[in-house]
Asks: 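Next up is a structure, given as structure tokens.
Ligands are counted one by one from 1 in listed order, and the atoms in each one are counted from 1 as well. Predicted model, so just to flag it, every value in this text is computed and none were measured. Quick note: numbers below take in every heavy atom, side chains included, and nothing from hydrogens, waters or symmetry partners.
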Amino acid sequence: MTFSRMVHFRLLFLFIGSCMFVSQCNGQDKGATTCGKLECPEYKVIHNEKNGFEIRSYKDAVWITTPNITSYTFEYAAQKGFATAYTYFLGNNSQGAKLNMTAPVLVDIQNDHYYTVHLYLPRQYQSNPPSTISNEFHPSKLPPRKFAVVRRFGGVMNNPAIATQLEALKKSLAGTPYEPVAAASADRFTVAVYYSPLDEPEKPLNEIMLWFD
Ligand SMILES: *[C@@H]1O[C@H](CO)[C@@H](O)[C@H](O)[C@H]1NC(C)=O
Ligand SMILES: *[C@@H]1O[C@H](CO)[C@@H](O)[C@H](O)[C@H]1NC(C)=O
Ligand SMILES: *[C@@H]1O[C@H](CO)[C@@H](O)[C@H](O)[C@H]1NC(C)=O
């Protein structure tokens, strides 16, 4: 294991640890949120289709975003992106401010090989984010489009799982007014990880999102 890989694992563990400390990031999941006590971005559910997807409208918010990471695997890109952007939360910012971890970790995936990782900035800092002092991440505004078609799923998040879930989502959209969104988002979509897949992998803690206006 290389040093940088060890750092990634340590950071991932910190993240997992903070989730366990606040007693179940997966806690109280009645459909509204998977964030437990971690702060989450606000959104409204504007349509809920029992069979497999919902339509959300996210409030505009600031996230800490990595550059475009080229990778053959989701795991490598997500760990690398998370590990660098998370240093901002540990004090790698102009004020040395330490920020509480938030959920979820969002990862944009383009053409299977290009990944961008986003961490939600806590509400307290939304209107006045501490400046970044590293060029490995920057503040950005999300969401990219007005609405998201969202499917939840459990288990380990990796490229085969993402491909399977994307197919399942497209299938559930067939014959609905949202069917065109599936075709338009084939090469560019987002996944959300609510906490490490190492814990209770059977719980539904991942999401796949297709954006549209
Ligand atoms: C990421 O980089 C690739 C290769 O340069 C480029 O084709 C792609 O459009 C970039 N994606 C984003 C979201 O910047
Ligand atoms: C801040 O982030 C940059 C880029 O990832 C890194 O080189 C630097 O070591 C980080 N500093 C701290 C204090 O974590
Ligand atoms: C940060 O998290 C801790 C532990 O959950 C909590 O007690 C504290 O109020 C949080 N701070 C802010 C500013 O939300």
Asks: Can you sort out which atoms of ligand 2 are near S134, meaning under 4.0 Å from one of its heavy atoms?
Replies: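 Contacts of ligand 2 toward S134, numbered from 1: 2 (O), 3 (C), 4 (C), 5 (O).
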Asks: Can you name the atoms of ligand 3, numbered from 1 with element, that are less than 4.0 Å from a heavy atom of N100?
Replies: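 Atoms satisfying the 4.0 Å criterion: 1 (C), 2 (O), 3 (C), 8 (C), 10 (C), 11 (N), 12 (C), 14 (O).
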Asks: May I ask you to check if ligand 3 and E39 share an N or O to N or O distance below 3.5 Å?
Replies: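 So ligand 3 has no N or O lying under 3.5 Å from an N or O of E39.
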Asks: Judging by distance only, is a nitrogen or oxygen of N92 under 3.5 angstrom from one on ligand 2?
Replies: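 Yes, N92 has an N/O under 3.5 Å of an N/O on ligand 2.
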Asks: Inspect the contact between E207 and R56 and indicate whether a charged nitrogen and a carboxylate oxygen are less than 4.0 angstrom apart.
Replies: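 Yes, R56 and E207 are salt-bridged.
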Asks: Every pair of nitrogen or oxygen atoms between ligand 1 and the protein that is under 3.5 angstrom apart - can you list them with their distances to 0.1 Å?
Replies:
| unit_1 | atom_1 | unit_2 | atom_2 | d |
| --- | --- | --- | --- | --- |
| ligand 1 | 2 (O) | N68 | ND2 | 2.3 |
| ligand 1 | 9 (O) | Q110 | NE2 | 3.4 |
| ligand 1 | 11 (N) | N68 | ND2 | 2.8 |
| ligand 1 | 11 (N) | Q110 | OE1 | 2.6 |
| ligand 1 | 14 (O) | N68 | ND2 | 3.2 |

Asks: May I ask you to decide if the ring planes of F53 and Y178 are parallel, tilted or perpendicular, using 30° and 60° as cut-offs?
Replies: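 The rings of F53 and Y178 stand perpendicular, inter-plane angle above 60°.
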Asks: As an exercise, identify every atom of ligand 2 less than 4.0 angstrom from a heavy atom of E136.
Replies: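 So the answer, numbered in order with elements, is 4 (C), 5 (O).
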Asks: Mind listing the side-chain donor-acceptor pairs of residues 66-73 below 3.5 Å, one per line with the distance, residues two or more places apart or on another chain?
Replies:
| unit_1 | atom_1 | unit_2 | atom_2 | d |
| --- | --- | --- | --- | --- |
| T66 | OG1 | V117 | N | 3.0 |
| S71 | OG | T73 | N | 3.0 |
| S71 | OG | T73 | O | 2.7 |
| T73 | OG1 | Y76 | N | 3.1 |

Asks: Only pairs at least two apart or in different chains count here, so list each salt bridge (charged side-chain N to carboxylate O under 4.0 Å, His left out) that has a residue in residues 58-76.
Replies: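 Sorted pair list: E42-K59.
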Asks: Taking ring pair (Phe, Tyr, Trp, His ring centres under 6.0 Å) as the test, write out the residues that go with Y125, two or more places apart.
Replies: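 Listed in chain order: nothing, the list is empty.
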Asks: Do T190 and D108 pass the side chain to side chain donor-acceptor pair (under 3.5 Å) test, and can you show the C-alpha distance, the side-chain angles, and the key distance before you say yes or no?
Replies: CA-CA 4 Å; T190 300; D108 296 337; 2.8 Å; yes
Asks: Look at the rings of Y58 and Y43 and say which category their plane angle falls in: under 30° parallel, 30 to 60° tilted, over 60° perpendicular.
Replies: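 Rings of Y58 and Y43: tilted, 30 to 60°.
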Asks: Taking the side chain as every heavy atom from C-beta outward, state whether Y88 and L99 have any pair of such atoms under 4.5 Å apart.
Replies: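 Of all side-chain heavy-atom pairs linking L99 with Y88, at least one is under 4.5 Å.
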